[in-house]
Chemist: 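Next up is a structure, given as structure tokens.
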Amino acid sequence: ELVANKHVEAGDLSVGYAELGPRDGSPVLLFHGWPYDINSFAEVAPLLADQGHRVIVPHLRGYGSTKFLSDATKRNGQQSALAVDAIKLMDALKIEKATVAGFDWGARTADIVAALWPERC
């Protein structure tokens, strides 16, 4: 089981995430789908970490320990909003470039990040 025991303010969100592997490892961001959560990666995240990767598995907006910082923020589940969340998370964690992957909504998030910010992937 993965535990989102870390939090960072990123854009409109306080993002809860699990982090595995060495801090100086090559970053990998794993995005879950709907209606799942970070535990979808409970088996693969440790394997990637064992290979030396810094693995970040965030709860997407509306899930788990990720919360909006303001009640006034519009609740938006559009895929472009989730992709912006991913970029804001990378910025907050000072990750310039990462491997991004996911499934279902998380795959769309990774696809949009790669399409709009190819230099970050």
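Count residues from 1 along the sequence.
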Chemist: Supply the atom-to-atom distance I56 CD1 to I38 CD1, rounded to the nearest 0.5 angstrom.
Modeler: 11.5 Å
Chemist: So that I know where these two stand, are Y63 and H32 an aromatic pair - ring centroids less than 6.0 Å apart?
Modeler: yes
Chemist: Please answer whether the main-chain N or O of W34 pairs with a side-chain N or O of D104 as donor and acceptor at a distance below 3.5 Å.
Modeler: yes
Chemist: Going by atom type alone, with no hydrogens or angles, which donor-acceptor pairs under 3.5 Å involve a side-chain atom of residues 106-119 and a protein atom two or more places apart or on another chain?
Modeler:
residue	atom	partner	partner atom	Å
T109	OG1	W105	O	3.0

Chemist: List the residues meeting side chain to side chain donor-acceptor pair (under 3.5 Å) with S65, not counting sequence neighbours, and say none if there are none.
Modeler: H59
Chemist: By side chain to side chain contact (heavy atoms under 4.5 Å, CB included), which residues pair with Q78, not counting sequence neighbours?
Modeler: N76, S80
Chemist: Which residue pairs pass the salt bridge (charged side-chain N to carboxylate O under 4.0 Å, His left out) test with at least one member in residues 68-80, sequence neighbours excluded?
Modeler: none
Chemist: Taking only distance into account, with no hydrogens and no angle test, what donor-acceptor pairs under 3.5 Å do side-chain atoms of residues 83-99 form with protein atoms, sequence neighbours excluded?
Modeler:
residue	atom	partner	partner atom	Å
D85	OD1	R61	NH2	2.9
D85	OD2	R61	NE	2.6
D85	OD2	R61	NH2	3.4
D91	OD1	R120	NH1	3.0
D91	OD1	R120	NH2	3.0

Chemist: Which pairs, with at least one residue in residues 31-50 and sequence neighbours excluded, count as a salt bridge (charged side-chain N to carboxylate O under 4.0 Å, His left out)?
Modeler: none
Chemist: Check the pair L60 / T66 against side chain to side chain contact (heavy atoms under 4.5 Å, CB included), numbers first and verdict last.
Modeler: CA-CA 7 Å; L60 299 181; T66 293; over 6 Å; no
Chemist: Within a reach of under 6.0 Å around CD of Q51, are more than 12 heavy atoms found that belong to other residues, nucleotides or ligands?
Modeler: no
Chemist: Would F31 end up clustered with V8 when hydrophobic side chains under 4.5 Å apart are linked, directly or stepwise?
Modeler: yes
Chemist: Under 3.5 Å, side-chain donor or acceptor atoms of residues 10-21 against the rest of the protein: list the pairs with distances, not counting sequence neighbours.
Modeler:
residue	atom	partner	partner atom	Å
E19	OE1	K6	NZ	3.3
E19	OE2	R54	NE	2.7
E19	OE2	R54	NH2	3.4

Chemist: Go through the structure and list residues passing side chain to side chain contact (heavy atoms under 4.5 Å, CB included) with Y36, not counting sequence neighbours.
Modeler: S40, F103
Chemist: Quick one: does H53's side chain have a donor or acceptor within less than 3.5 Å of a partner on G25's backbone?
Modeler: no
Chemist: Please tell me whether V28 and V57 are part of a single hydrophobic cluster in this structure, the criterion being side-chain heavy atoms less than 4.5 Å apart.
Modeler: yes
